[in-house]
Amino acid sequence: MADSSRLDEPEKVEYQEIDDSVPVNDAAQDCPNDQPNSTVQAQLPLRPVPHAVSNGTRAWDITEKFTQACSVLNIGQLVKDEYFTLFESIGALEIMDSKMDSGFLHPGETLEDDYDVLKPLLPEEVIGIMDQLLCYEMAWHQGYPLSQTLFTSVYIDKLLWPEPRTLQEAQFYRGDEPQHLGVLHHVLRAYCIGIIKCCDFVIGRITSRDYFEEEDFCTHTYNRVLFSSVPYDFVLHELEMATQFVETETESLTNAGVKSALLARLDFRRSFLMALSPDYSVQDLDRYWPPVSATLPEIETTHDLGRPVHGSFSTKIQRRLASTVPPRPVVELEFKDAFEKLSQLCADCTEAVRYTLIDPCPLEYQSFLWAFATRKPQPLAYARSYLSGFVFAGGNEVFAHLIREDLKALVFPDDQVLDPVNWTIEEPRNPMVPKDRRLQMASLIDEFTNRAMQNYLEFWTSLCQNGCRMRRMLCHSILAFDQLQSDAGVLDDDLQALTSDPQQYPLITWVYHHKLRQIEWVIQLGFEQEIYLPDELAAQYHFLSKVSETRQRLLATLLSAFEQRHSALASLSSTPELSKQIDRLKTSHALLSSLHASATGTMELATSLRQFYILLSYCRLLPTPPRPFSTPALRYELRMKPFLPLSPSEVIPFADMDAILQPCGSYTAPMADLTRMLWSADVWQELEKGIKRAREAWAVVKRMGPEAARARGVQGDWGKGVQGVLASCIAAGVAVAGAREAVEKAIEGETGAGVVGRVRERAKVEVPAASGEAGRGKRYHEWWVVPKIVKA
Amino acid sequence: MDNAQATSYLSHFIGKTLRIYTTDSRIFAGQMKCTDKDRNVILALTHEYRQPSEVAVRKAIQDSGNPAAQVPLSSRYVGLVVVPGQYILRIELEESQFARDTFVP
């Protein structure tokens with residue numbers, strides 16, 4: 001997953017021309033694996049004298065013979081390593097090609113810039129450089145490599161190369177300190193060191209979690225070491241010193257505004273560094289990010305004081321970085337945008353910390369992760385890694401507990417199976433004595449959690465990814481849960497023999513519910529990510545409605561088992577213990593009812609939208625691109641690919657799907673009874689009723705509230721989500737009414753094929769776009785593509 | 001040298017470390033993977049070496065006071081490269097003293 005193929009190596013070969021002074025010593029002959037020195041030395045007089053000898057490496061000039069040999073090769077003939085393929089050769093960088101070769105110099109161009117890092121700076125210039133560095137830092141956070149961002153700074157380059165052995169050595173010069181170096185250079189150096197250490201922490205954090213190199217983030221440091229071994233309090237100390245320098249300096253810093261602008265930047269860097277540090281104390285977790293956010297406004301207001309120093313950034317530094325890619329342009333991010341990203345990063349991280357404070361319940365956690373993933377704009381890679389750091393902080397034991405809690409919430413409410421007492425019972429000493437029933441249940445559940453652990457972890461991992469990756473990883477997770485479902489059957493049978501619970505096949509049910517929910521998410525994320533074209537929406541909504549129907553039935557059986565349990569308990573004489581038990585049952589019942597209502601709402605709304613899209617297709621109101629190279633069946637197969645291997649099969653066979661989607665024959669050449677269908681009040685009424693049922697179901701979800709849905713930690717986002725779906729229902733109702741009116745007017749008094757044409761004259765359909773990364777969409781809810789009917 | 005001889009001769013260098021001096025006075029050292037009639041050479045795991053700039057040399061001499069001061073070549077890793085034949089000035093075969101089957105051209 002994480003790209004581990006670091007290609008940068010320290011250069012080992014030295015090319016100084018020195019005399020052959022490799023001594024033939026005993027130590028060399030002690031190495032049994034290597035050919036002793038003496039043998040090689042002994043051969044030398046018989047051979048041409050090597051041109052250059054250094055550190056045990058010899059070289060011969062072969063230019064002439066090589067050229068001669070090449071010249072007699074045939075055209076097109078290659079002399080090559082048999083394992084070296086044409087495919088690989090495409091990746092080779094062509095030397096002396098200015099587009100490919102980052103080391104290529106145009107005639108007259110010099111390798112280095114003549115920018116003097118030691119020349120005196122004005123305080124305004126220091127502010128300008130700091131702000132520019134901040135822009136590059138945020139561009140890097142967005143996913144651009146360091147070589148195109150921060151590493152273009154001449155100041156940073158000087159600090160990092162040649163590689164300093166200590167922090168003290170990391171100066172803009174090497175060797176003795178120049179005389180005239182002013183306070184501002186110390187301040188800038190401290191700020192740069194702060195940035196570099198921040199980058200080190202960011203890389204450390206991101207690589208510690210699942211991430212995708214160059215998709216989420218670029219961790220490449222081009223063989224530069226970002227002060228990884230320098231303790232971070234040293235860096236903090238440098239920044240504090242710099243703050244003191246600025247505070248006490250009177251000579252070069254006369255303008256109070258400039259002075260406080262510098263202080264604000266140093267202050268920001270210090271608190272940012274502390275917030276990024278991997279060593280945090282759990283109790284004070286919520287105290288790291290607010291100070292960072294607090295320093296931001298002053299940076300923004302004082303940005304105009306800065307004066308850019310363009311010479312202090314250069315693309316030429318790329319030439320000296322270890323790089324296997326062609327040279328690329330510097331990424332220019334406006335200060336305004338960079339600042340926005342920075343504020344967003346702080347806000348996202350502040351939000352992520354809340355994860356540690358919400359109720360420790362798997363469904364609460366999931367609601368939180370969903371709310372976080374759907375934040376607009378999408379959280380940056382760092383913020384996501386920061387959050388998943390908390391998610392996976394506890395390791396497998398925490399997740400074993402979460403699985404049990406998850407099971408408890410859905411299938412074992414206050415059940416003897418998950419009674420903690422079961423885990424305290426010891427194995428009988430005598431193997432002939434039968435094991436306690438409770439112990440057997442505990443070991444069955446343990447067996448299940450062990451089996452499910454990996455899949456469960458992967459599921460949580462996918463929830464922490466970027467949107468597109470989440471969808472792809474969920475597709476894999478579905479297959480894993482499918483396998484788990486068939487494995488869980490055996491344990492269910494054993495469990496059944498031990499309990500008298502009315503709930504049958506609890507483990508299978510739990511896995512199946514998880515799987516169905518993930519399928520729904522995959523389809524719905526497809527709507528959010530605009531994977532389907534407008535004319536495919538009908539099929540996808542049909543599939544969605546079928547899956548949520550299955551889930552709704554599953555939840556209905558669970559609910560009836562709940563009611564049986566409840567009535568069994570209610571018939572007993574009441575004790576305080578019993579009433580507690582009934583209370584717990586009620587909490588779980590609320591969750592199931594909320595899930596049931598949302599599954600119903602999803603099913604109803606999806607069915608209605610499917611029907612509506614079919615009608616719109618018959619009216620030829622949806623754009624249909626020409627597809628000369630594919631058939632509907634193949635396209636359908638492609639869309640269903642992630643779900644084809646599932647058992648029981650969720651995918652509707654193409655022929656059935658086709659019959660449902662095209663009840664009156666093809667959209668372009670419909671059968672004669674099309675007009676009758678469009679005319680029929682039943683069709684439209686059914687549609688309206690379906691939308692109404694959907695709205696009612698979602699109203700139930702809303703009424704039951706975030707507590708029942710286990711989203712108390714993210715009440716606000718949850719409320720907005722449900723409100724969005726309700727708004728989508730209303731918008732669907734409006735759109736249906738609009739379309740019906742247009743169709744009725746078109747049909748009035750006339751029949752025949754002209755109807756479609758007249759509908760098209762009267763109405764147009766707008767399919768609202770998703771908001772994407774920027775968060776400026778036109779949908780009420782990202783998962784519900786409700787078309788808009790516009791009068792033409 | 002006929003074609004068969006040439007092929008056999010050139011095949012010896014496959015996987016061996018070559019140093020290629022280019023017209024812009026850089027040196028590329030890497031494992032030879034492939035060559036052809038135009039003397040284009042593909043090198044893998046290549047490092048690029050560059051002569052220090054005149055300024056750097058002058059500075060080194062000035063700082064040390066020694067006109068024969070050594071300035072290390074600056075180098076970096078560039079990976080898989082193809083050096084077009086027309087820019088090649090000189091080719092050297094580099095061999096570690098520890099190499100087992102010493103082949104000398």
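To find a chain, count down the sequence lines: A is the first, B the second, and so on, and within it residues start at 1.
Ion pairing of Asp24(B) with Arg50(B) is absent here, as no side-chain N (NZ or NE/NH1/NH2) approaches a carboxylate O to less than 4.0 Å.
Among Val41(B), Ile42(B), Asp38(B), the residue with the largest count of heavy-atom pairs under 4.5 Å with chain A is Ile42(B). Put simply, of Ile75(A), Asp114(A), Asp97(A), Leu321(A), the one with the most heavy-atom pairs under 4.5 Å next to chain B is Leu321(A). The candidate from Gln5(B), Met1(B), Arg26(B) with the greatest count of non-hydrogen atom pairs under 4.5 Å with chain A is Arg26(B). In terms of heavy-atom pairs under 4.5 Å with chain B, the best-connected choice from Ser89(A), Gly76(A), Ala92(A) is Ala92(A). No other option in Thr17(B), Val81(B), Asp36(B), Thr22(B) has as many heavy-atom pairs under 4.5 Å with chain A as Val81(B). In terms of non-hydrogen atom pairs under 4.5 Å with chain B, the most contact-rich of Leu93(A), Leu78(A), Val325(A) is Leu93(A). With chain A as the partner, the residue from Gly85(B), Pro84(B), Ser11(B) showing the most heavy-atom pairs under 4.5 Å is Pro84(B). For chain B, the option among Arg320(A), Glu94(A), Arg319(A), Met96(A) with the highest count of heavy-atom pairs below 4.5 Å is Met96(A).
Judged by distance alone, the side chains of Arg39(B) and Thr67(A) do bring a donor and an acceptor atom under 3.5 Å apart. With no hydrogens or angles considered, a side-chain donor-acceptor pair links Arg76(B) and Ser102(A) at under 3.5 Å. With no hydrogens or angles considered, no side-chain donor-acceptor pair links Glu48(B) and Tyr77(B) at under 3.5 Å. For the residue pair Tyr21(B) / Tyr49(B), no side-chain donor-acceptor distance below 3.5 Å is found, with atom types taken as modelled. If you check the side chains of Thr149(A) and Tyr144(A), you find no donor sitting under 3.5 Å from an acceptor.
More than 12 heavy atoms of other shown residues, nucleotides or ligands fall within 6.0 angstrom of atom CD in Glu109(A).
With a 4.5 Å cut-off on non-hydrogen atoms, Ile20(B) does not touch chain A at all. Interface remark: Asp2(B) contributes backbone atoms only to the contact with chain A (heavy atom separation under 4.5 Å). Using a 4.5 Å cut-off between heavy atoms, Ile91(B) touches chain A through backbone and side chain atoms alike. The contact between Leu10(B) and chain A is made by backbone and side chain atoms together, counting heavy-atom distances below 4.5 Å. In this structure, the portion of Thr23(B) lying under 4.5 Å from any heavy atom of chain A is its side chain and not its backbone. With a 4.5 angstrom heavy-atom cutoff, Phe84(A) touches chain B only via side-chain atoms.
Residue pairs that meet the side-chain hydrogen bond (donor to acceptor under 3.5 Å, both in side chains) test with at least one member in residues 71-83 of chain A, sequence neighbours left out, are Asn74(A)-Asn3(B), Gln77(A)-Asn3(B), Gln77(A)-Thr7(B), Asp81(A)-Lys33(B).
For Phe151(A), there are no ring pair (Phe, Tyr, Trp, His ring centres under 6.0 Å) partners at least two apart in sequence or on another chain.
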